[in-house]
> 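Structure incoming, see below.
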2 protein chains.
Amino acid sequence: MHNLITDIKNTVSINDSDLQRVLDKFHKKEYDKSDIIPSYATVSKHMKFIEKGLVRVYIIDNQAREITIQIGIESAWINDLYSYLSDTTSNIYLTVYEPTTILQIHKNDLEQLYKEVPAMESFSRIKIQQSYTRLYNRAFNQLNKTAEERYLEFRDKYGYIEPRVPQYIIASYLNISPEHLSKVRHDLLKK
Amino acid sequence: MHNLITDIKNTVSINDSDLQRVLDKFHKKEYDKSDIIPSYATVSKHMKFIEKGLVRVYIIDNQAREITIQIGIESAWINDLYSYLSDTTSNIYLTVYEPTTILQIHKNDLEQLYKEVPAMESFSRIKIQQSYTRLYNRAFNQLNKTAEERYLEFRDKYGYIEPRVPQYIIASYLNISPEHLSKVRHDLLKK
DNA sequence: CAAATTCCTTAATCTGTATTAAGAAATCAC
DNA sequence: GTGATTTCTTAATACAGATTAAGGAATTTG
C-alpha cells in the first residue's frame, strides 16, 4: 500500500493511528491485462486507487466511438466521479492495460471515516477539487487548441504514459482520429 | 436574500440560528447593465450568488475569441472555481447583462463557518460536486454532438435564458460562430 | 517461428464549421 | 424620431480534421 500511503500523506496531515484506520477500510483487487473492471451500467460505490498498473477510463459515444477520459497509472485515482457523486448509473468503461492492483474503499466506509477521521473529509474535498481543475483544464484549455497543440501538451504533461498504451488510445484521449494523430506525428518529425 | 435562503435550504438542512450566522457573512453588491465584475487577473476569494439579474462568465482564448462558460441568472452561483480552489490567477471575465444583485461570501469567512456550522461544509461539497457534474456534462456529452444538437439541448435545458442575451453569446456558449448559429436556426425552421 | 491479429501509416475524398464580406434588421442614445 | 450602434442574416470561400480504403509493421498466440 506504499503508493496509497504516500498519496494520503502528500494530501493531508494525518497521524499513524488514524492512517491505519483509513487503510483498514481499503480492499485490494487484482486485475490482469485486458480485464474489464465492472463499471458501466452500475452506480459507482467505490473510490479506486491504482497502486500499480495502468487502467483506461473511457465512454462510448452515440456513434460507437470510444472517447478516452483518463489514462490512469500508479497513484492515480480512477472512478466515475459523476456516478459516484450523483448516484446515477455509470456510462464509463474501465479496462486494464497492464497487470494492475487497485485499492478501493466503499462510499459508506469513507463517509463513516469523515466522522471518525476529520482529515479524510479534507482529503475528499481536495481530491474532488483536483478532479474539477483537471477536467476544467482539459475542457477549456484544449477547446481552442489544434490537434497538434493538444498532442504536444499531452506529451509535455504525460509523455511517460505514451509508450505504455497503443497510439490510437492517445488519439482518442486527444479526441482526434488515429489517422490524424499519425499525420500529426509525421509532420512534427519534419519540423 | 430570499433566493439565497431558498438555495441553502434546498441544499442542506440547517436551523434558523445557524442560517442567520451564515447569512451575516454575505455581502451585497449591486451592478448595472454592462458593468464588469472584477475577476480577471485576480485570485478569486469569494463565492458569489446571483440574487437577481444576469451575468456572463467567459474567457478570451489565444485568438482573442470569447468563449462563454456560463450564463448565470437568479439563484446561480458564479465564480472562477478553478481560481478559487487552486489559488491561482483567474482567466475569467464577468460581465453584467441586466441590473444585478450579487451576494458574496469571503473564502476565509466560509472556511471559518465550516467549523462553526457543519452543514456548510456539506453545502460546499455539494456545490462543488454540482459544478463538477455540470462541467462534465458540458465537456463530454457535447463532445460528440453537432452544433445543431448542442443548440437543441441548450434550448431544452436553458431555453428561458435565450431571450435574455444576444444570440452571439449563445453561439459562444455553444462554441460555434454567430453566423453558424444563425444558419442552424434557419435550417431548423424549415424542418 | 509461422500465422493471426493488432496497430500504424499513407493518401484521397468528404464534411462541418470557420472566416470573410456585406447588407438588413433591431435596438439604443440623443 | 433620426442617426448611430449593435446584432443578425445570407452567401461564398477556406480549412482542420473525419472517413474510407488499403497496405505495411509490429506484436501476440499457438
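Note that these values count all heavy atoms, side chains included, but never hydrogens, waters or copies made by symmetry. What you see is a predicted model; the values in this text were computed from it and never measured.
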> Take atom CD of Glu179(A) and atom P of dG24(D), then tell me their distance rounded to the nearest Å.
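Answer to the nearest Å: 17 Å.
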
> In whole angstroms, how far is the C1' atom of dC8(C) from the CG atom of Leu189(A)?
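Distance, rounded to whole Å: 13 Å.
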
> Could you tell me whether the side chain of Leu19(B) reaches within less than 4.5 Å of the side chain of Lys9(B), counting heavy atoms only?
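Yes - at least one pair of side-chain heavy atoms lies under 4.5 Å apart.
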
> Is there side-chain contact between Ile73(A) and Glu98(A), with at least one heavy-atom pair below 4.5 Å?
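The answer is no, as the side chains (C-beta and beyond) never meet within the 4.5 Å cut-off.
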
> Nearest to the side chain of Arg65(B), which nucleotide is it out of dC7(C), dT17(C), dT19(C)?
dT19(C)

> Fit a plane to each ring of Tyr158(A) and Tyr160(A), take the angle between them on a 0 to 90° scale, and name the class: parallel (under 30°), tilted (30 to 60°) or perpendicular (over 60°).
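Geometry flag for Tyr160(A) against Tyr158(A): perpendicular rings.
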
> Can you tell which of dG17(D), dA18(D), dC7(C) lies closest to the side chain of Thr146(A)?
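So the side chain of Thr146(A) is nearest to dG17(D).
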
> Should the pair Phe154(B) and Tyr173(B) be assigned to parallel (<30°), tilted (30 to 60°) or perpendicular (>60°) ring geometry?
tilted

> Take atom CG of Leu188(A) and atom P of dT9(C), then tell me their distance rounded to the nearest Å.
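Rounded to the whole Å, the gap is 12 Å.
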
> Under 4.0 Å from OP1 or OP2 of dT17(C): is there any side-chain N or O of Arg150(B) that close?
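Answer yes for this pair, as a side-chain N or O of Arg150(B) is under 4.0 Å from OP1 or OP2.
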
> At less than 4.0 Å, is any side-chain N or O atom of Lys183(B) found next to OP1 or OP2 of dC8(D)? Yes or no.
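So the side chain of Lys183(B) is outside the cut-off, no N or O lying under 4.0 Å from OP1 or OP2 of dC8(D).
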
> Taking atom P of dT27(D) as reference, at what distance in whole Å does atom OH of Tyr97(A) sit?
16 Å

> Grab the CG-C1' distance between Leu174(A) and dA18(D) for me, whole Å please.
15 Å

> Rounded to the Å, how far apart are Glu162(B) CD and dT7(D) P?
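Value for this atom pair: 16 Å.
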
> Using the side-chain heavy atoms of Tyr168(B), tell me which of these nucleotides is nearest: dC8(C), dA18(D), dT7(D).
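The listed nucleotide nearest to Tyr168(B)'s side chain is dT7(D).
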
> Among dA18(D), dC8(C), dT17(C), find the nucleotide with the atom closest to the side chain of Gln167(A).
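For the Gln167(A) side chain, the nearest candidate turns out to be dC8(C).
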
> Rounded to whole Å, please give me the gap between NZ in Lys33(A) and P in dT6(C).
12 Å

> Could you give the NE2-to-P distance, from His186(A) to dG24(D), as a whole number of Å?
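One finds 17 Å between P of dG24(D) and NE2 of His186(A), rounded.
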
> In terms of the nearest nucleotide of DNA chain C, which residue is placed more toward the 5' end: Pro166(A) or Leu181(B)?
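Nearer the 5' end of the strand: Pro166(A).
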
> Within the structure provided, determine whether Thr101(A) and Lys29(A) are in side-chain contact (heavy-atom separation under 4.5 Å).
no

> Out of dA18(C), dT10(C), dG17(D), which nucleotide sits closest to the side chain of Ile176(B)?
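For Ile176(B), the side-chain atoms sit closest to dA18(C).
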
> Ignoring the backbone of Ser182(B), work out which of dG17(D), dA18(C), dT10(D) is nearest its side chain.
dT10(D)

> With respect to the side chain of His180(B), which nucleotide from dT17(C), dT28(D), dT10(C) is positioned closest?
dT17(C)

